[in-house]
A.B. asks: 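Dropping a structure here in structure tokens format, bear with me for questions.
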Amino acid sequence: MSKTNIGVGKWKLKALNCGTHKNYKGALSSGYDQDLFIKLPYLSYLLQDGKTNILIDNGINERYIRDGKAWGGIPAWAGSQDLLNSLQSEGLTPDDIDLLIYTHLHNDHAGNANLFPKTKSIAQADEWNNLLNPVYAELQRRDFDLEVIPYLQNNPNFLKIEGDMEITEGIRVIKTPGHTRGSQSVVVNTVNGLRVIVGDLFHMPCCCFPWMTEMPDCDGNIHKITPAADDAPSLRSSLVYDCYSYYASVDKVKAILPELDPKYVICGHDPALLLSNSI
């Protein structure tokens with residue numbers, strides 16, 4: 001079997017647009033390209049096999065954007081309607097989602113938990129505890145939308161798991177902390193082969209593959225970016241609170257990949273995912 005065919009399964013994967021924001025690339029990639037202020041997406045992901053609809057993350061809610069700005073004062077154009085519109089474009093409503101998997105519970109990945117009051121939902125137990133007990137830096141930066149807590153608490157089908165596990169045929173989660181205490185990645189056998197949906201372990205592909213020299217923005221403009229030193233294992237964002245866990249998670253994800261090719265890694269804020277017909 002060729003590397004291209006490794007992990008081929010039944011799941012169709014699509015990135016859903018949950019709005020956009022602008023951020024300094026340097027804040028997300030170890031200081032490289034500090035002056036590049038680039039438009040990035042908020043994303044969720046839809047997995048379908050013809051019978052089951054699985055959503056990974058659900059974007060940011062408008063209540064969390066104040067005066068047109070999200071965390072850190074960055075401009076943002078997003079809200080629950082963006083997710084609803086993306087679902088509608090697939091012929092779906094929130095009630096059609098059979099399973100919701102959270103890579104983590106930051107404001108821009110779990111902000112619309114209120115739209116899924118009874119949907120079977122999965123997060124790591126450590127992530128739930130992180131949401132309930134954020135450290136000062138997380139509170140200062142408003143990383144978590146604390147208003148989602150009652151929506152998750154009142155969901156009778158919100159399940160908190162420990163570590164790695166198989167969820168269903170062709171889909172498993174692996175715990176990949178570092179960005180948050182309970183971040184997890186979703187390993188999927190798609191119709192195009194193995195894909196690892198990493199949340200914000202890597203915000204953009206260049207964070208996982210530091211040798212990259214260009215990237216698009218949400219409008220399709222291509223930007224030249226600075227490659228890192230040859231020995232850099234990754235480009236860590238400023239939103240990593242445990243570097244030891246982070247680098248262990250980097251190795252864990254890379255060990256799964258058939259080869260070090262960006263196509264296998266589905267990042268949390270990658271504009272290219274909205275510009276491509278096939279991921």
Side-chain angles (χ1 to χ4, degrees), residues 13-46 56-62 64-83 85-86 102-112 141-145 178-180 183 185 195-210 212-228 234-240 262-263 265-277 279:
L13 170 62
K14 184 163 188 177
L16 300 183
N17 189 348
C18 294
T20 60
H21 64 291
K22 293 190 79 171
N23 204 344
Y24 288 98
K25 176 182 172 292
L28 305 176
S29 59
S30 298
Y32 284 86
D33 306 303
Q34 288 276 33
D35 296 330
L36 179 53
F37 198 47
I38 189 168
K39 185 184 284 188
L40 301 172
Y42 296 114
L43 295 170
S44 63
Y45 308 94
L46 180 64
I56 300 175
D57 295 338
N58 58 35
I60 194 169
N61 190 279
E62 58 273 9
Y64 206 75
I65 298 174
R66 302 174 183 172
D67 299 323
K69 295 179 180 179
W71 69 266
I74 61 173
W77 307 269
S80 58
Q81 194 60 49
D82 292 283
L83 173 66
N85 289 345
S86 290
Y102 290 106
T103 62
H104 60 300
L105 297 175
H106 270 180
N107 64 75
D108 55 335
H109 291 258
N112 292 305
R141 294 187 61 138
R142 299 173 59 238
D143 292 343
F144 291 102
D145 180 355
H179 176 60
T180 62
S183 287
S185 298
R195 297 293 184 267
V196 186
I197 302 166
V198 296
D200 287 351
L201 178 68
F202 307 118
H203 285 76
M204 307 164 293
C206 63
C207 299
C208 182
F209 304 99
M212 296 181 72
T213 58
E214 62 181 31
M215 67 174 290
D217 61 24
C218 285
D219 297 320
N221 302 307
I222 302 299
H223 299 268
K224 297 293 183 182
I225 58 175
T226 306
S234 66
L235 298 181
R236 177 181 57 85
S237 87
S238 59
L239 288 161
V240 168
K263 71 182 179 184
V265 180
I266 307 301
C267 300
H269 298 275
D270 179 10
L273 297 175
L274 296 179
L275 303 171
S276 173
N277 293 323
I279 59 174

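We're numbering straight along the sequence, starting at 1.
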A.B. asks: Where do L105 and T180 land on the side chain to side chain contact (heavy atoms under 4.5 Å, CB included) test, with the steps shown first?
C.D. replies: CA-CA 9 Å; L105 297 175; T180 62; over 6 Å; no

A.B. asks: Identify the two heavy atoms, one from Y64 and one from F144, that lie closest to each other, and give their separation to 0.1 Å.
C.D. replies: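 The answer is OH-O, 3.3 Å.
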
A.B. asks: Of all heavy-atom pairs between H104 and A110, which one has the smallest distance, and what is that distance?
C.D. replies: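 Looking at all heavy atoms of both residues, the shortest contact is O-CB, 4.3 Å.
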
A.B. asks: Just to verify, what does D217 make a side-chain hydrogen bond (donor to acceptor under 3.5 Å, both in side chains) with, not counting sequence neighbours?
C.D. replies: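 By the side-chain hydrogen bond (donor to acceptor under 3.5 Å, both in side chains) rule, D217 matches N221, H223.
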
A.B. asks: Would you confirm whether R66, through its side chain, and G73, through its main-chain N or O, come within 3.5 Å as a donor-acceptor pair?
C.D. replies: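 Not a single qualifying donor-acceptor pair exists.
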
A.B. asks: Could you tell me if the side chain of P262 sits less than 4.5 Å from the side chain of F202, heavy atoms only?
C.D. replies: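 No. Closest side-chain heavy atoms not under 4.5 Å.
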
A.B. asks: Side chains of N17 and S86: is there a donor and an acceptor less than 3.5 Å apart?
C.D. replies: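 Distance-only check fails for N17 and S86.
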
A.B. asks: Distance from S29 atom OG to L36 atom CG, nearest 0.5 Å?
C.D. replies: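 S29 atom OG to L36 atom CG measures 8.5 Å (nearest 0.5 Å).
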
A.B. asks: Heavy atoms only: give me the nearest C267-H203 pair and the separation to one decimal.
C.D. replies: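 So the minimum-distance heavy-atom pair works out to CB-O, 3.5 Å.
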
A.B. asks: Restricting to non-hydrogen atoms, name the atom on G178 and the atom on V240 that form the minimum distance, rounded to 0.1 Å.
C.D. replies: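 Nearest heavy atoms, G178 then V240: O-CG1, 3.5 Å.
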
A.B. asks: Decide if atom NZ of K14 counts as having more than 12 heavy atoms of other residues, nucleotides or ligands within a radius under 6.0 Å.
C.D. replies: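 Check fails, neighbour count at 12 or below.
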
A.B. asks: Can you find a pair of side-chain heavy atoms, one from T103 and one from D200, that are under 4.5 Å apart?
C.D. replies: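 Of all side-chain heavy-atom pairs linking D200 with T103, none is under 4.5 Å.
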
A.B. asks: Say you draw a straight line from CG of L83 to CD1 of I60; how long is it, rounded to the nearest 0.5 Å?
C.D. replies: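 Reported value, rounded in 0.5 Å steps: 12.5 Å.
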
A.B. asks: For the residue pair G111 and N58, what are the closest heavy atoms and their distance?
C.D. replies: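 Closest approach of G111 to N58: N-OD1, 3.3 Å.
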
A.B. asks: Using every non-hydrogen atom in the two residues, find where E214 and I225 come nearest and quote the distance to one decimal.
C.D. replies: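 Result for this residue pair: N-CG1, 3.3 Å.
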
A.B. asks: OG/S44 to CG/D82 distance, rounded to the nearest 0.5 angstrom?
C.D. replies: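 It comes to 10.0 Å.
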
A.B. asks: Within this structure, what is the CG-CG distance for the pair L40 and L28, rounded to the nearest 0.5 Å?
C.D. replies: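 Result: 6.5 Å between the selected atoms.
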
A.B. asks: Check whether any side-chain heavy atom of L13 sits under 4.5 Å from a side-chain heavy atom of I197, and report yes or no.
C.D. replies: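 Of all side-chain heavy-atom pairs linking I197 with L13, at least one is under 4.5 Å.
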
A.B. asks: Checking N107 side chain against R142 main chain: does a donor-acceptor pair fall under 3.5 Å?
C.D. replies: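 Between the backbone of R142 and the side chain of N107 there is a qualifying donor-acceptor contact (under 3.5 Å).
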
A.B. asks: To the nearest 0.5 Å, what is the distance between NE2 (H269) and CG (N23)?
C.D. replies: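 Interatomic distance, H269 NE2 to N23 CG, rounded to 0.5 Å: 9.0 Å.
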
A.B. asks: Would you find a donor on one side and an acceptor on the other, under 3.5 Å apart, between the side chain of D33 and the backbone of G26?
C.D. replies: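 Flag not set: sc D33 to bb G26 has no pair under 3.5 Å.
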
A.B. asks: Are L239 and R141 packed together at the side-chain level, in the sense that at least one heavy-atom pair is separated by less than 4.5 angstrom?
C.D. replies: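 A side-chain contact exists here, since the closest heavy-atom pair is under 4.5 Å.
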
A.B. asks: Run the salt bridge (charged side-chain N to carboxylate O under 4.0 Å, His left out) test against K39 and tell me which residues pass, sequence neighbours left out.
C.D. replies: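 Checked K39 against salt bridge (charged side-chain N to carboxylate O under 4.0 Å, His left out); matches are D219.
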
A.B. asks: Using the benzene-type ring in the case of Trp, are the ring centres of H109 and Y102 under 6.0 Å apart?
C.D. replies: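 Between H109 and Y102, the centre distance exceeds or equals 6.0 Å.
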
A.B. asks: Indicate yes or no: at least one non-hydrogen side-chain atom of P271 is less than 4.5 angstrom from one of P41.
C.D. replies: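 Result yes, sub-4.5 Å side-chain heavy-atom pair found.
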
A.B. asks: When you compare the side chain of K25 with that of M204, does any pair of heavy atoms fall below 4.5 Å?
C.D. replies: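 A side-chain contact under 4.5 Å exists here.
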
A.B. asks: At what distance, to the nearest 0.5 angstrom, does CG of N112 lie from OH of Y42?
C.D. replies: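 Here the rounded value is 12.0 Å.
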
